[in-house]
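One-based numbering, in listed order, for ligands and for the atoms of each. Below, all heavy atoms of this structure are taken into account, side chains as well, without hydrogens, waters or symmetry copies.
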Amino acid sequence: MDVSAGESVAVVGPSGSGKTTFLALLGGLLQPLAGRIHLETPHGTVNRTAAHVSWVLQTVNVLSDRSVLDNVALGAFSDGLDRTTANDHAVRAIDRVGLGEMSSWPVRTLSGGEAQRAAIARAVISERPVLLADEPTGQLDEHTSRHVVDTLLRSAEDKITVIVTHDNSVAARCSRVVRLSGRRLS
Ligand SMILES: Nc1ncnc2c1ncn2[C@@H]1O[C@H](COP(=O)(O)OP(=O)(O)OP(=O)(O)O)[C@@H](O)[C@H]1O
């Protein structure tokens, strides 16, 4: 599979077909037994993709005692943005996912879906060229899901975005849909 910057790819398929495993391979969390995954960057070919990927995971990976703002800004800050710029980007992304009023709240006080939206805000402001999302709307109602997918896809304009989803309406909005079944991509 070849994916170019600006493309958003939905990965669909039955439960247990290997979608999360495929994402983990793309993101360098697992090494393939066969085949090769690499990323072409302006600075050359990268074989270890992990440092180039921002994640939205099925189990929400946030620091639960820190505020929404801290959680969202931290990723961009640790990637090298200065704190003021990281905070500015974070504030805008938090507004876009509808958590503006909760910005100073510790993430542990949020619902599962709200924490998931904080994780999405963190991923979309990342300057990393690849965004991998595993069921990013799994805990969201239809209206919030549509809004959050807008935010994800807006950030996809200059990134490689791969979204694992069971939601056909999310898949339909991606620029490409691939199906995993019987251990094959089609
Ligand atoms: N670390 C592991 N070691 C061995 N087998 C694993 C491991 N992780 C997942 N599997 C198996 O690999 C298969 C694919 O799992 P995976 O989580 O990638 O599926 P999925 O398509 O994302 O499923 P779902 O839609 O239910 O989240 C499953 O049968 C699972 O049991």
[X]: numbered ligand 1 atoms lying under 4.0 Å from its heavy atoms:
X   : answer
S17 : 19 (O), 21 (O)
T21 : 14 (C), 15 (O), 16 (P), 18 (O)
G18 : 14 (C), 16 (P), 18 (O), 19 (O), 20 (P), 21 (O)
K19 : 18 (O), 19 (O), 20 (P), 21 (O), 22 (O), 23 (O), 24 (P), 25 (O)

Query - Connected via hydrophobic side-chain network under 4.5 Å: L63 and L99 - result: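 No, L63 does not connect to L99 through the hydrophobic network.
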
With a cutoff of 4.0 Å, is [X] in contact with ligand 1, counting heavy atoms of the residue only?
X    : value
H166 : yes
P14  : yes
G13  : no

Query raised in the report: Could you state the interatomic distance from NE2 (H89) to CD (E127), rounded to the nearest 0.5 Å?
Result: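 The CD atom of E127 is 6.5 Å from NE2 of H89, to the nearest 0.5 Å.
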
Query - Nearest heavy-atom neighbours spanning P136 and A133 - result: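 That would be CG-CB, 3.9 Å.
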
Report summary line: Heavy atoms of V12 and K19 approach each other most closely as C-CD, 3.7 Å

Report task. Could you tell me whether G16 and ligand 1 have an N or O pair separated by under 3.5 Å? Result -> yes

Report task. Could you go through the salt bridge (Lys or Arg N to Asp or Glu O under 4.0 Å) check for R96 and D150 one step at a time? Result -> CA-CA 9 Å; R96 271 190 261 135; D150 282 344; over 6 Å; no

Query raised in the report: With no hydrogens and no angle check, is any side-chain donor or acceptor of R176 less than 3.5 Å from a backbone partner on V9?
Result: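 Answer holds: no.
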
